[in-house]
Asker: 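A single structure is presented below for examination.
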Amino acid sequence: MAQKHFDLIVVGAGVVGTFHAYHALKKGLSVLLLEKNAGPQSATVRNFGQVVPSGMAGRWFDYGVRGLEIYQDIQKQFDISVRKNGSVYLASDPEEQQLLHESKQIFDTKGYACELLTRQQCLQQWPSLNAAYVLEGLYFPQEISVEPELMIHRLIAFMQQRYTHFVYRNYSAATAIESTVHGVRVNTAQEENFTAEKSIICSGAEFRLLFPKLYNESGMMVSKLQMMRSFPLPDVSLSGNILTGLSIRRYESFTECPSYSTLKTPKHYEELKKWGVHILFKQTPDGSIVIGDSHEYAEAAQSEQLGFHINQDINDLILQEAQKIVTFDVRQIASSWAGYYSQHADEIFSHTSSDNIHIFTGIGGKGMTSSAGFAEENIASLF
């Protein structure tokens, strides 16, 4: 490699790390992005690909709104799989319906476009919905979808094409990082070493290679999600991000609503709540439907307890509830998988071990929506 010293080394090519690299490149900085695998393997490629600021609260909503602009700006230059098909939240009972109305008032105050839809309007726009489930919908026309198995790889390809001061190295596990008088030195498992002014560590749920003691004492948690994908269903029309009553009860934005504090869990939701199930749908370009998901948790030091198996009982719970929401047969499943993401009680784990070594991980389920905006602000602050 001709260039051995960089302005920034980013460890981890998931969505958090790659967007930090992208915004540094836009500032004219030289960047090395290191990825231990052939490409990102974890949460970034094992999620719905729903970019939904409408589900975020506080600064993460602001990052998400900015993220919509960033995604679409890149899409104009290079196809990273962005589709602007909007998001809808479907209320199935009067409590969820009340939250939709209160949420609309909050978003109107913020100037974030949304529209209440009647049952009939929902069924007209998404004819595959079950009329018996839908009372009302809250629609966000500006929100987008990406294809997670494509997006991050295309984003890296765009960066390689656009920026001559960018180097991407996969199969390059960082095994040690230390401060030096000139910045930082990063050693890899391939016995290479690189230097830079600063480094940013975005290692997701990988806690063993770097700073294991720090992570074990950090309060970090790992969440295991189960998701499924149907065979292509050409007769089904379910465009955009479809979020349901369980999403209304779970997502942070709805906790800002006045009636949220008095929300009760109906008996038929109790078993679903036990496994952290909330039902989402997203139709991919080939016509298949992604359905999920569930949430099981473990502390960072005991993350292996979550296992890599698929619990079919949980998938059955997801599919039973999903079948109440749509009219097509949800059991036409082609594949099922588990995804893992790290999260922290402080919304993200931010740690500076020296002036030149910065850790940002544990973003939880906010990654696809809020990473682009968060990384932009972070790079502006660090440089």
Side-chain angles (χ1 to χ4, degrees), residues 48 50 52 54-55 85-104 114-141 143 145 225-231 233-251 253-255 257 259-260 262-284 287-295 313-333:
F48 280 91
Q50 297 183 342
V52 286
S54 55
N85 289 332
S87 306
V88 66
Y89 295 79
L90 304 170
S92 67
D93 64 28
E95 282 190 310
E96 294 161 7
Q97 199 172 11
Q98 177 65 24
L99 287 172
L100 287 191
H101 284 256
E102 293 173 5
S103 183
K104 174 149 190 349
C114 58
E115 179 185 359
L116 282 166
L117 303 179
T118 65
R119 170 190 279 142
Q120 193 55 42
Q121 287 173 310
C122 289
L123 297 175
Q124 188 172 352
Q125 188 157 343
W126 299 280
S128 298
L129 294 176
N130 186 346
Y133 179 88
V134 179
L135 288 183
E136 205 167 7
L138 185 59
Y139 179 56
F140 296 85
E143 295 190 341
S145 307
L225 292 72
Q226 291 188 192
M227 301 172 64
M228 292 163 274
R229 183 192 300 269
S230 76
F231 292 100
L233 303 174
D235 296 329
V236 173
S237 177
L238 208 62
S239 66
N241 305 314
I242 311 297
L243 305 101
T244 67
L246 286 162
S247 310
I248 295 168
R249 292 168 175 273
R250 182 178 178 88
Y251 275 15
S253 61
F254 295 98
T255 66
C257 297
S259 65
Y260 188 86
T262 61
L263 190 64
K264 296 179 176 61
T265 301
K267 189 171 182 61
H268 65 280
Y269 278 163
E270 287 177 358
E271 183 70 7
L272 296 167
K273 188 174 182 180
K274 173 184 172 183
W275 297 104
V277 170
H278 75 124
I279 306 299
L280 306 172
F281 301 90
K282 194 193 80 172
Q283 191 162 30
T284 66
S288 61
I289 310 289
V290 183
I291 306 171
D293 55 3
S294 58
H295 298 77
D313 288 340
I314 294 176
N315 276 2
D316 287 342
L317 274 176
I318 292 171
L319 292 173
Q320 286 167 18
E321 186 64 22
Q323 193 63 81
K324 299 174 185 176
I325 302 169
V326 294
T327 56
F328 61 90
D329 181 6
V330 298
R331 293 190 174 273
Q332 302 176 73
I333 298 301

Asker: Applying side chain to side chain contact (heavy atoms under 4.5 Å, CB included) to Gln125 and Val88, what does each step give before you reach the verdict?
Answerer: CA-CA 10 Å; Gln125 188 157 343; Val88 66; over 6 Å; no
Asker: I want to check something: taking the side chain as every heavy atom from C-beta on, are Phe254 and Glu96 in contact at a cut-off of under 4.5 Å?
Answerer: no
Asker: So which heavy atom on Ser237 is nearest to which on Ser128, and how close?
Answerer: N-OG, 3.1 Å
Asker: Can you tell me if CD on Gln124 sees more than 12 non-hydrogen neighbours from other groups inside 6.0 Å?
Answerer: no
Asker: Ile333 and side-chain contact (heavy atoms from CB on, under 4.5 Å): which partner among Leu319, Asn315, Ile289?
Answerer: Leu319
Asker: Minimum heavy-atom separation for Val236 to Gln283, with atom names?
Answerer: O-NE2, 3.1 Å
Asker: Taking it one step at a time, do Tyr139 and Gln121 satisfy side chain to side chain contact (heavy atoms under 4.5 Å, CB included)?
Answerer: CA-CA 11 Å; Tyr139 179 56; Gln121 287 173 310; over 6 Å; no
Asker: When you compare the side chain of Phe48 with that of Asp293, does any pair of heavy atoms fall below 4.5 Å?
Answerer: yes
Asker: Measure the spacing between CD1 of Ile318 and CD1 of Ile279 and express it to the nearest 0.5 Å.
Answerer: 6.0 Å
Asker: Check step by step if side-chain hydrogen bond (donor to acceptor under 3.5 Å, both in side chains) holds for Tyr269 and Ser92.
Answerer: CA-CA 12 Å; Tyr269 278 163; Ser92 67; 3.3 Å; yes
Asker: Check whether any side-chain heavy atom of Arg119 sits under 4.5 Å from a side-chain heavy atom of Leu123, and report yes or no.
Answerer: yes
Asker: Per the side chain to side chain donor-acceptor pair (under 3.5 Å) rule, which among Thr265, Thr244, Asp93 passes with Arg249?
Answerer: Asp93
Asker: Contact between Leu138 and Leu116 at the side-chain level, heavy atoms closer than 4.5 Å - yes or no?
Answerer: yes
Asker: Heavy-atom distance under 4.5 Å between the side chains of His278 and Leu280, does that happen here?
Answerer: yes
Asker: With heavy-atom distances below 4.5 Å as the criterion, would you say the side chains of Ile248 and Leu243 are in contact?
Answerer: no
Asker: Verify side chain to side chain contact (heavy atoms under 4.5 Å, CB included) between Ile325 and Phe281, making sure each step is shown before the conclusion.
Answerer: CA-CA 10 Å; Ile325 302 169; Phe281 301 90; 3.9 Å; yes
Asker: Quick one: closest heavy-atom pair of Gln98 and Ser259, and the distance?
Answerer: CG-OG, 3.6 Å
Asker: Determine, stepwise, if the pair Lys273 / Glu270 fulfils salt bridge (charged side-chain N to carboxylate O under 4.0 Å, His left out).
Answerer: CA-CA 5 Å; Lys273 188 174 182 180; Glu270 287 177 358; over 6 Å; no
Asker: For Leu100 and Gln97, run side chain to side chain contact (heavy atoms under 4.5 Å, CB included): C-alpha distance rounded to whole Å, both residues' side-chain angles, the deciding distance at 0.1 Å, then the answer.
Answerer: CA-CA 5 Å; Leu100 287 191; Gln97 199 172 11; 5.6 Å; no
Asker: Tell me, do Leu272 and Glu321 make a side-chain contact under 4.5 Å, heavy atoms counted?
Answerer: yes
Asker: What distance do Asn241 atom CG and Tyr89 atom OH have between them, rounded to the nearest 0.5 Å?
Answerer: 8.0 Å
Asker: What's the spacing between Ile291 CD1 and Ile242 CD1 if we round to 0.5 Å?
Answerer: 12.0 Å
Asker: Tell me if a side-chain donor or acceptor on Gln226 pairs with a main-chain N or O of His295 at a distance below 3.5 Å.
Answerer: no
Asker: Considering all heavy atoms of both residues, which atom of Ser253 and which atom of Ser54 are nearest to each other, and what is their separation?
Answerer: OG-O, 2.6 Å
Asker: With a 4.5 Å cut-off on side-chain heavy atoms, are Gln320 and Asp316 touching?
Answerer: yes
Asker: Would you give the length of the straight line joining atom OG of Ser288 to atom NZ of Lys282, rounded to the nearest 0.5 angstrom?
Answerer: 9.0 Å
Asker: Which atom pair, heavy atoms only, marks the closest approach of Lys104 to Glu115?
Answerer: CE-CA, 4.2 Å
Asker: Please name the pair of heavy atoms, one in Cys122 and one in Leu129, separated by the smallest distance, quoted to 0.1 Å.
Answerer: O-CD1, 4.1 Å
Asker: Rounded to the nearest 0.5 Å, what separation is found between the CG atom of Asn130 and the CZ atom of Phe328?
Answerer: 11.0 Å
